[in-house]
Amino acid sequence: MLAGPGSGKTRVVTHRIAHLLREGVRPGEILALTFTNKASDEMRTRVEALTRGARVWVSTFHRFGARLLREYASYVGLTPNFTIYDVDDARQTLKRVIEAGGIRTAHYSPERIAAAISAAKNQLIAFDQYQPQIGSPLSQIVAEAYPAYQQRLLASSAVDFDDLLLHVATLLYQNADVRAELDARHRFVLVDEYQDTNRAQYVMLRALSIDYPNLAATGDPDQSIYGWRGADIRNILQFESDFPDAKVVRLEQNYRSTKSILRVADQLIGSNLRRKAKSLFTDNGEGAPVKLVQYATQDDEARSIADEIANEVAAGRRRPRDFAIFYRVNALSRSLERALREQGVPYQMVRGQEFYQRKEIKDVLAYCQLINNPRDDQAALRTINTPARGIGRKTIDRLAEYAYLHGLSLLDAARRAEQVEGVNPRSAKSVAQYAALIDRLSNLANAPLEEVLGTILTETKYREPLQDSDSEEDLNRLANIEELLTDARQFDEAHPGGGRLEEYLESAWLANETDDWQSESDKVTMMTLHAAKGLEFPVVYLVAFEHGLLPHERSINDEEQLEEERRLAFVGITRAREALQLSYAVHRDFRGQRRRTVPSQFLLEMPRDQMELVEVGRDQWYPPNWDDIGDDAFGDDESSDELDASRPARSAPGALEPFTPNLVPQAPKVMTAARLAGALPAPTSGAAPDDFVQGMTVMHPEHGPGKIVALSGAGKNRRATVQFATAGQRRFVLAHSPLRPASR
DNA sequence: TCCTTAACTGTTTTT
DNA sequence: CAGTTAAGGA
């Protein structure tokens with residue numbers, strides 16, 4: 001099913017399930033897979049409503065993978081009680097492996113290496129099949145690190161997120177009998193957002209559709225926004241050749257948005273070359289024109305939006321929950337949050353994973369992890385000296401070494417602390433006490449969860465230092481722990497009988513804050529564009545339509561990635577039902593520096609003659625005379641080369657003429673007062689980072705003259721510490737700062 | 001061993 | 001700006 005935005009895709013899927021059930025298919029034979037918990041919850045609810053509570057297997061890919069792996073753990077070298085490592089734990093494991101193995105990483109960060117391993121896993125390349133490429137130093141490192149990392153995971157009976165798919169794909173691929181059994185078990189498979197499947201997911205789906213080839217895939221190539229996570233858009237584009245008997249259904253009518261909104265979306269996505277063209281239409285009304293607003297600063301942007309929402313709510317025209325604000329990166333939420341708080345507008349932010357990522361929560365859960373899976377070295381490392389019990393780095397290193405030499409888990413090594421060379425008696429005693437503590441806690445493994453957590457907290461005295469403190473942060477931590485206990489109690493109530501420690505942990509590992517988003521609560525929603533997929537709101541604000549942010553600067557040099565950014569904007573736009581505002585700010589604070597922005601090239605690809613163009617606030621840096629603007633308004637800016645590299649002028653086919661000048665005032669050619677006085681060189685005259693030397697006098701447009709105290713870094717990372725007369729010492733990234741040498 | 005403070009560095013999106 | 005590491009001191 002090729003289904004455009006707002007075409008009623010979920011409705012079709014749920015009705016298909018209901019139809020199958022009416023035809024006599026048993027609920028257990030139906031498997032519906034989604035990407036997010038939110039989507040699977042929604043689907044389950046709707047199916048249940050439609051069928052009076054039929055128990056169809058609705059799950060995310062990852063949860064489904066985890067479930068299968070518990071059943072078939074031994075086939076892939078795991079124990080059924082395996083631990084799922086989140087990104088943090090996985091990263092730390094990788095770091096330890098690199099360190100322990102003495103792997104030379106050259107200048108590559110663990111993140112880069114982890115990303116390469118992840119990419120390999122998503123392409124279904126097992127650790128023993130990975131081939132380094134000649135001329136790619138990174139791949140040489142990965143060829144060493146990947147096997148070591150994977151073996152460490154297996155030794156701890158742990159998996160990372162990618163493994164949940166990789167192991168299952170491997171299992172199905174290598175065991176014909178298991179595959180046949182599962183194919184028969186899941187005769188009817190439905191997949192949502194098929195455009196986001198990666199290689200591993202594709203193989204899973206194929207394997208489940210051989211003897212009983214009933215696979216219903218829905219998706220929209222124009223909404224593929226997970227390429228960076230290994231999603232392969234070819235899976236959907238080639239569906240028909242993969243499954244020659246496939247019947248293709250197109251849903252092109254949009255029931256969600258107004259004509260104005262749909263037109264903007266349609267024309268924007270038309271700039272993508274790699275796509276199956278599809279015609280979107282709607283019988284909905286024309287609606288208000290889409291607004292495109294230029295603000296002077298991000299604070300103006302945030303305040304105006306907050307004001308507008310507050311006014312609409314106060315006037316009784318809208319309720320808070322009618323509004324959503326989307327942004328490309330989480331970091332952009334700050335000023336919006338502040339503005340909404342100031343206006344007293346209730347809001348909820350959807351952020352990935354937040355709660356279970358907190359230190360205190362992870363600390364406590366690590367004890368559970370270790371009880372559940374004593375081989376989990378990551379959990380042992382985390383708990384062994386948390387809270388502090390006098391076991392230091394040296395001791396831990398010795399234990400780890402001993403464990404490695406004897407093929408033991410870290411916890412087992414701890415049990416034999418006194419035999420380990422190089423551990424002093426005092427430390428050994430602490431270690432022994434720790435091991436005893438874990439053993440005592442392990443007896444609780446089958447108790448209700450709240451009791452397990454409560455005992456951990458008392459026995460470890462985890463809360464004591466927090467209770468003695470009066471810092472805000474520590475109080476927060478205590479509150480979070482309380483929340484965790486409440487969470488556990490609710491889990492116990494839902495799972496009477498106890499002994500579900502593993503299930504609880506799994507829900508924590510795979511949980512996402514997005515699940516917490518309540519569509520019922522009357523609040524403004526703020527989230528990233530990625531999180532917005534699948535949702536809809538009457539009024540949508542899309543902020544920071546700026547070059548480097550949307551499209552993100554990491555994507556602007558690659559045509560394929562640029563198209564994905566365009567799809568991201570498309571997704572955001574098509575969430576809106578009645579009203580849509582796009583905006584950008586002329587100045588935005590970024591990494592602590594105020595920078596002048598360049599509007600997103602995507603704005604040039606929209607039908608601006610049919611949109612309402614507005615300019616709010618004034619640009620304080622470049623006071624009057626905005627009318628006097630040259631032709632090179634876009635390029636010649638103080639910004640670094642990465643900004644200059646892709647001026648919007650280089651727009652895609654189908655783009656309209658450049659911006660109307662009065663909408664995008666840029667640095668004027670006229671002299672400002674300061675420059676006339678000779679104090680300021682033109683802010684547009686870029687000075688290369690190397691032009692600065694120690695002790696030099698420099699000029700800053702706001703702080704005035706200053707002296708360079710120190711310099712560090714190189715190239716575009718070169719920084720200067722400057723002593724100003726009144727503003728004190730400040731640090732600047734030279735490539736992005738408005739600093740100029742005072743003397744010519 | 002552990003805490004505090006200063007310096008440094010690197011920035012997307014998520015299961 | 002924030003998250004992390006290195007250094008210094010008790």
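Order of the sequence lines fixes the chain letters, A, B, ..., with proteins taken first and strands second; residue numbering starts at 1 for each chain.
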Check: Q378(A)/R96(A) side-chain N/O donor and acceptor closer than 3.5 Å: yes

Rounded distance (Å) that lies between atom P of dC1(C) and atom CZ of R595(A): 15 Å

Touch class at under 4.0 angstrom, heavy-atom based, for S555(A) against every strand present: nothing

Closest to side chain of S427(A), choosing from dC2(B), dT1(B), dT11(B): dT1(B)

Under-4.0 Å side-chain N/O to phosphate OP1/OP2 contact, T528(A) with dT14(B): yes

Comparing H62(A) and E111(A) on DNA chain B - which has the more 5′ nearest nucleotide: E111(A)

Spacing between D589(A) atom CG and dA2(C) atom C1', to the nearest angstrom: 15 Å

Integer angstrom distance from the P of dT13(B) to that of dT4(C): 15 Å

Gap between atoms CZ and C1', on R389(A) and dC2(B) respectively (whole Å): 15 Å

Closest listed nucleotide, where the reference is the side chain of N385(A) and the choices are dT1(B), dC2(B), dT13(B): dC2(B)

d(CD, E553(A); C1', dT11(B)) in whole Å: 9 Å

Partners passing ring pair (Phe, Tyr, Trp, His ring centres under 6.0 Å) against Y504(A) (at least two apart in sequence or in another chain): F491(A)

Sugar-phosphate only, base, or nothing, as touched by R334(A) at under 4.0 Å among non-hydrogen atoms: sugar-phosphate

Closest to side chain of K95(A), choosing from dT13(B), dT5(C), dT11(B): dT5(C)

Between dT11(B) (C1') and R112(A) (CZ): distance, integer Å: 14 Å

Those residues of residues 219-229 of chain A lying under 4.0 Å from DNA chain B by at least one heavy atom: Y226(A), W228(A), R229(A)

Under-4.0 Å side-chain N/O to phosphate OP1/OP2 contact, N330(A) with dT12(B): no

Y194(A): side-chain hydrogen bond (donor to acceptor under 3.5 Å, both in side chains) partners, not counting sequence neighbours: none

Non-hydrogen atoms of N122(A) and R229(A) that approach each other most closely: ND2-O, 3.1 Å

With sequence neighbours excluded, residues passing side-chain hydrogen bond (donor to acceptor under 3.5 Å, both in side chains) with Y146(A): none

Integer-rounded Å distance: dG3(C) C1' and D88(A) CG: 12 Å

Residue pair D192(A) / T218(A), side-chain donor-acceptor N/O under 3.5 Å: yes

Rounded distance (Å) that lies between atom P of dT13(B) and atom CG of N122(A): 18 Å

Listed partners of E506(A) passing side-chain hydrogen bond (donor to acceptor under 3.5 Å, both in side chains), at least two apart: R70(A)

H552(A) aromatic ring stacked with six-membered ring of dT12(B), 5.5 Å and 30°: yes

Atom-pair distance (CD1 on I396(A); C1' on dC2(B)), nearest Å: 13 Å

side-chain hydrogen bond (donor to acceptor under 3.5 Å, both in side chains) against N235(A), all qualifying residues, sequence neighbours excluded: T197(A)

H530(A) vs R426(A), nearer the 5' end of DNA chain B by closest nucleotide: R426(A)

Sugar-phosphate only, base, or nothing, as touched by F61(A) at under 4.0 Å among non-hydrogen atoms: nothing

Touch class at under 4.0 angstrom, heavy-atom based, for D162(A) against every strand present: nothing

Closest listed nucleotide, where the reference is the side chain of A531(A) and the choices are dT14(B), dT1(B), dT12(B): dT14(B)

